[in-house]
Amino acid sequence: MEKLILIDGNNIIYRAFFAMPPLTNASGQQTNAVYGFTTMLLRLIEEHKPSHMMVAFDAGKETFRHADYQDYKGGRQKTPPELSGQFPLLKELLKGLGVSQFEISGYEADDIIGTITRQADEAGRQVMVVSGDKDMLQLASGNTTIAVVRKGVTEIEYFGPEQIKERYDLTPEQIIDLKGLMGDASDNIPGIPGVGEKTALKLLHQFGTVEQVISRTDELKGKMKEKIEEHADSAVLSKKLATIYREVPLELSLDDMKFDGLNQETAGPALAKLEFKSLIERLDLSTHAGADAAEGAAKQAQVNVTVVHAGELAEVKEALDSVQVLHVETHGDNPHHAEVIGLALATEQRQFYIPFEVLKSEEAEPLRAWLADSEIPKRGYDLHRLDLALHWQGIAFAGAAFDVHLAAYLLDPTESNQSLSGLAGKYGLSYLQADEEVFGKGAKYKVPDEAVLSENLARKCLAVSELVPIQEKELEANGMLPLFHELEMPLSRILADMEKQGIAVNVEDLKELGREFESQIEKLVQQIYEIAGTEFNLNSPKQLGEILFVKLQLPVIKKTKTGFSTDAEVLEKLAPYHDIVRLILQYRTIAKLQSTYVEGLLKEISDRTGKVHTYYRQTIAATGRLSSQYPNLQNIPIRLEEGRKLRKVFVPSEPGWSILAADYSQIELRVLAHISDDERLKEAFIHDMDIHTKTAMDVFGVSEDQVDANMRRSAKAVNFGIVYGISDYGLSQNLNITRKEAAAFIDQYFEVFQGVRRYMDEIVKQAKQEGYVKTLLERRRYLPEINASNFNLRSFAERTAMNTPIQGTAADIIKLAMVQMDKALQEKKLKSRMLLQVHDELVFEVPEDELEVMKKLVPEVMSHALKLSVPLKSDVSYGSNWYEAK
DNA sequence: CATAGGAGG
DNA sequence: CCTAGCCTCCTATGA
C-alpha cells in the first residue's frame, strides 16, 4: 500500500528552532532546528513507514499572494540568522537520509503540498500532511490526513474530515472561511477586527461561508452587524489569502518522492557531519558507508596487531599482497627533518607494527621494495609527509592511491582539526585517541611503550580504512572525485618531488648581503637613537610608540588594542612631521630583510644538500591555494629593489644551467571575466589589453591617451578590490580618498561592468542558499556565517563568497598546469626540473640545451591548462638566478 | 602564547 | 553612524 508523507519544511524547522535549546556543533554552527526536525522526521518514519515522502520548502521572497496584498506576512519577524543558517544544513542532511525535497520559485510550501494532495485525491492515493499550521486542515479529505504538530515538535494530532467536524463542526473547505473571518496575526492577514475563533465559528455554523455572512448581515444586529459590514472587503481578501493554491505547475511524479527507508550508505555520514551521534546510535546506523551495522560495531572493537621484531619478518612479507593501508608515525613539524618512529601496515584482518630499526635492516628489503613500488596502491593519512620523512632516511615511497588527509581537506578546507583522530571523531569513530593523549605534547612528547604505540598505530590504520569509503561517497556526491584523483592526489607526489629536489642557494652571496644589511642597520640605529635622544628597542612597537607619541608628541593616527599603532601606513602619514620617521621606515625594511630572509634562510639551508627544501602544504589554504613553510619560498621580496636582490642567491644546482620562471598574467581577473561572463571584461582580455588602463578608460569614460598615471592607479586598486570582494571603506583606505568617493567609484565600475555586478550578487545569493561556494573544478568552501546577524561576520562571509571562486579557480588552474607540466617533462624525457610554485608563477632549473624547448613549452602548458572563454597568458623569462629571471 | 608588523600573491 | 579588503608564513616583543 502506498503511503505518502508531505512535510511543510519551513513550518517544521521554524517550530523546531524555537522549541529546542540552542545546540551547536564543534565548529560553532547552531544545529538545534535541524536536530528537532530530524527527531520528528525519524519518528514519523518509524510510526507510519511511508513508501513515499517529500519535504516542501518556500522559495522566493515574492509569492503571488503579494500581488493581492503587499503586506502579506508583513508583520512577521525576519527569520533569525541563527535559523536561516540551518536551512542549507537541513537540505544537505535530507539528501543524505534519502528523503526527497522540493521548492519552486514564487510559491510557498503549502501551495506545493496543496497541489500534490489535490493530485493524490484525484488518483485516490493516501497522503499525510505534516505541519504546525492549522490552515492545512482545509486540505483534509477522505484520502488526506493532516498531522498537526504541537508543543514544539513533540506532539502530533491527526485530523481527517471527521475530526474536523468533531472539533469545529466545519467541513475542511470552511477552514478557509474561518480564517477569512478571524484573520491570522502571524501572517498579517487582517480578517474582521474583534472576530475571534468563537464568533467566527458561530457565524459559520449559521451562514456557512464568508460570502453568505456578508450578504445576509440583515439577519444580524448591533455592533457585530456594523463591523462585518465595515470590514466585508477585508474578510473576502483574507479568505483569498488563506486559500491554499492547489494548481502549482509541478513536474513531479510519485517516483520522485519514493522513500526506500534511510539511505544506509549516506545517512550515517550525513548525521555524523552534524555531530548527531545519539541519533546514529539510536538508528544503529554505521558511519562506515556500505557496511552493515553489526559489522561496523564489530570492527570498532578489534584491532589485532603484531609487533614485528628483528628476524620476524616472514609473516609480514607473506601478508604484503593483501595490505590495504599503511601509516608511518613521525615526529617533528618539518617533514624534511622528521624522525621516523615506525611503520604500521594493515590487511583487512590484522595489523603489523614494524619499528624503524627493523624497517632499516637488511632483511626488510622486500618491505622497502613494496613501499617503493608505484604499482601497488596505498591508502593512508598524509602520505606526502610520510614520503618526505622516509626519503631522508633513504627509503623510497610510491603508489599513493588515497590520502584521507587530502580528501578531508577537499570535503571541508576550513576544518580546524585535520588530525586523523579529529577526522575519525567527526565520523563517529571514537576509538582513536588524539596524538596528544598518546604521545604528550610539546616538550613532553614521548614515544609510549611498544604495546601502547602499536595499538595506537593499528587503530590509525583501522580509522583510515573506515574513512576511505565514507569519503569516497562524499566526494562522489559532491562531484569532487575528478578533483581528488586527477588533481590533488597526483599533485601531492609532484610537490614531494619538488621539495626533495630543493633549490640551491649561494651561501656566500647571501652572507655578503647580510653584512651589507648589518652595516646599514647599524647606521640607521645610531641616527635614530641620536635624534630620539635615547636608546631603546626599535623592534618593540611599544617602546617605539612611547618615543613617537609621548616624547616627540607626534599625532596619533591609529591605535591598536594594546596601544599606539606604528605600522607602515601610520609612519607614512607621520613622515612629514619628523625626520626620524623616514629612518624608522628604512630600519624596518632592512631589519625585516635581515632577520627573516638572510638569517631565516641561512638557518634553513640543508647541510645534506646545501639547498633549501621548502614544504608545500596542500591542506591549509581555504581557497585551494598551496602554502609554503620551512622556509616560506612564496614570499621572497620582489616589490622593493633592496629586497628583490635576495633573489640573486637562488641559483641553479648544476653548472651551466639556468633558472626559468613563468607567471600567469592577470589570472584572477581573467578567471573573473570567465565566471562572470562580463562582455566588456572578456573583450579586454580577448584583445590582450592592459587591463588597468582599459578599466580606467571605461570607468572614467575617456580614451586611452587620456588615461593618466593616477587614473590607472585608481583603476588598478578597484580591480584588486573587485577580486577581494570590494567595500567602499577598503578602497578608500587604499586610494586615500573618502568613503563616499570610493563608493561612487565602485558604483561607476559596476555600471560599466554589469556582468561583474551580476556575478557578485548571484554568488552571494547562492552562498546564502546553499551554504557554500565552489570553483570551476568543484572545489568547495562552506560559509556558515553567510547568514549571521553580526555585520562583521556576515560581511566577511559575503566577501569570501565573492573572492573564493576567483582565487580558488586560479589555484585550480596552476595546479592543473603543474600536473600537466610534470607529465610533459617525463614524456619528453627532459632533464629540466620544476622547483617552485608561487601562486601564479612556476620556477624551473633548466640545462642549457633545453632552454629553447622550455621557453616555449612552459607558457604553452600553462596557458592551455584549462580552457576558459578568455585566453590565459603566461610570460616566461630566464637567467643565471631567480633575480635575473624577471 | 598572543600581538604587532611585514613579506608575497 | 559604525563595522571594514582576500589568502598565507615568519620574526620579534612581552605578558
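FYI, side chains are in, hydrogens and waters are out, and symmetry mates aren't considered; it's all heavy atoms of this structure. What you are looking at is a predicted structure, and each value in this text was computed from that prediction instead of being measured. First the proteins, then the strands, lettered A, B, ... as listed; each starts at 1.
Using a 4.0 Å heavy-atom distance criterion, A/A622 is classed as a sugar-phosphate-only contact. When heavy atoms are screened at a 4.0 angstrom cut-off, A/A568 is found touching the sugar-phosphate backbone but no base atom. A/R799 comes within contact range of the sugar-phosphate backbone alone, with a heavy-atom separation under 4.0 Å but no base atom that close. At a threshold of 4.0 angstrom between heavy atoms, the contacts of A/S565 are confined to the sugar-phosphate backbone, with no base atom among them. When heavy atoms are screened at a 4.0 angstrom cut-off, A/I620 is found touching the sugar-phosphate backbone but no base atom. Within the nucleic acid shown, A/F796 comes within 4.0 Å of sugar-phosphate atoms alone, with no base atom in reach, counting heavy atoms only. Within 4.0 Å of A/L731, counting heavy atoms only, lies at least one base atom of the nucleic acid. Among the protein residues, A/S795 comes within range of no part of the nucleic acid, since none of its heavy atoms lies under 4.0 Å from any strand. At the heavy-atom level, A/R617 lies nowhere under 4.0 Å from the strands shown. Residue contacts for A/L626: at a heavy-atom cut-off of 4.0 Å it reaches no nucleic acid atom on any strand shown.
The residues A/D698 and A/K694 are annotated as salt-bridged, a charged nitrogen and a carboxylate oxygen being separated by less than 4.0 angstrom. Remark: A/K768 engages A/E798 in a salt bridge, criterion side-chain N to carboxylate O under 4.0 Å.
Judged by centroid separation below 5.5 Å and plane tilt below 30°, A/Y729 stacks onto the base of C/dA4.
Atom CZ in A/F564 sits about 17 Å away from atom C1' in B/dG5, given to the nearest Å. Separating the CG atom of A/L735 from the C1' atom of C/dG5 is a distance of 12 Å, rounded to the nearest angstrom. Across the protein-nucleic acid pair, A/I557 atom CD1 and B/dG5 atom P stand 13 Å apart, rounded to whole Å. The nearest whole Å value for the distance from the CG atom in A/L842 to the C1' atom in B/dG8 is 16 Å. A/L633 places its CG atom 13 Å from the P atom of B/dG9, with the value rounded to the nearest Å. Atom-to-atom, NZ of A/K886 to C1' of B/dG8 comes out at 18 Å; the value is rounded to the nearest Å. As rounded to whole Å, 13 Å separates atom P of C/dC1 from atom CG of A/D728. Residue A/L646 contributes atom CG, which lies 13 Å from atom C1' of B/dG8 at whole-angstrom precision.
For the residue pair A/N539/A/Y587, the side-chain donor-acceptor check at 3.5 Å is satisfied. For the 3.5 Å distance criterion, the side chains of A/N417 and A/S419 qualify, holding a donor opposite an acceptor. Side-chain atoms of A/T614 and A/S628 form a donor-acceptor pair, as typed in the model, at a separation below 3.5 Å.
Sorted by first then second residue, the salt bridge (Lys or Arg N to Asp or Glu O under 4.0 Å) pairs that include residues 610-638 of chain A, not counting sequence neighbours, are A/R625-A/E668. Listed by first and then second residue, the salt bridge (Lys or Arg N to Asp or Glu O under 4.0 Å) pairs that reach into residues 574-598 of chain A are A/E572-A/R582, sequence neighbours excluded.
Dense packing is recorded around NZ of A/K558, with more than 12 heavy atoms of other residues, nucleotides or ligands lying under 6.0 Å away.
Base pairing in DNA chain C yields stems of at least 3 consecutive Watson-Crick or G-U pairs, both distances under 3.5 Å, namely B:1-9 with C:6-14.
The CD1 atom of A/I584 lies 4.5 Å from the CG atom of A/L544; values are rounded to the nearest 0.5 Å. Atom-to-atom distance recorded for A/N334:CG and A/E604:CD is 6.5 Å, nearest 0.5 angstrom. Summarising the geometry, atom OG belonging to A/S863 is positioned 11.0 Å from atom NZ belonging to A/K873; distances are rounded to the nearest 0.5 Å.
Ring-centre distance between A/Y616 and A/Y630: not below the 6.0 Å cut-off. Proximity of the aromatic rings of A/Y749 and A/F745 is defined here by a centroid distance below 6.0 angstrom, and this criterion is not met.
Contact check of residues 736-758 of chain A against DNA chain C (heavy atom, cut-off under 4.0 Å) returns A/R739.
Partner A/E499 forms a side chain to side chain donor-acceptor pair (under 3.5 Å) with one of A/H613, A/H336, A/H384 and no other, that one being A/H384.
Phosphate contact (OP1/OP2 of C/dC7, side-chain N/O of A/R781, threshold under 4.0 Å): present. Under 4.0 angstrom from either OP1 or OP2 of B/dG5 there lies at least one side-chain N or O belonging to A/T566.
With a 6.0 Å cutoff to the six-membered ring centre and a 45° limit on the axis angle, A/R739 does not count as a cation-pi contact of A/Y729.
The base of B/dG9 is paired with the side chain of A/R625 by a donor and an acceptor separated by under 3.5 Å. Applying the 3.5 Å distance criterion, the base of B/dG6 shares no donor-acceptor pair with the side chain of A/R639.
Using atom P as the reference point in both C/dC2 and B/dA7, the two lie 31 Å apart (nearest Å).
Among the nucleotides B/dG5, B/dG9, C/dC7, the one closest to the side chain of A/D840 is B/dG9.
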Under 3.5 Å, which protein N or O atoms sit close to an N or O of nucleotides 1-3 of chain B? Give each pair with its distance.
none

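Ring orientation note: the planes of A/H331 and A/Y445 are close to parallel, at an angle under 30° on the 30°/60° scale.
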Could you write nucleotides 10-15 of chain C as a row of B, S and -, 5' to 3', where a protein heavy atom under 4.0 Å of any base atom gives B, of only sugar-phosphate atoms gives S, and otherwise -? BSSSSS

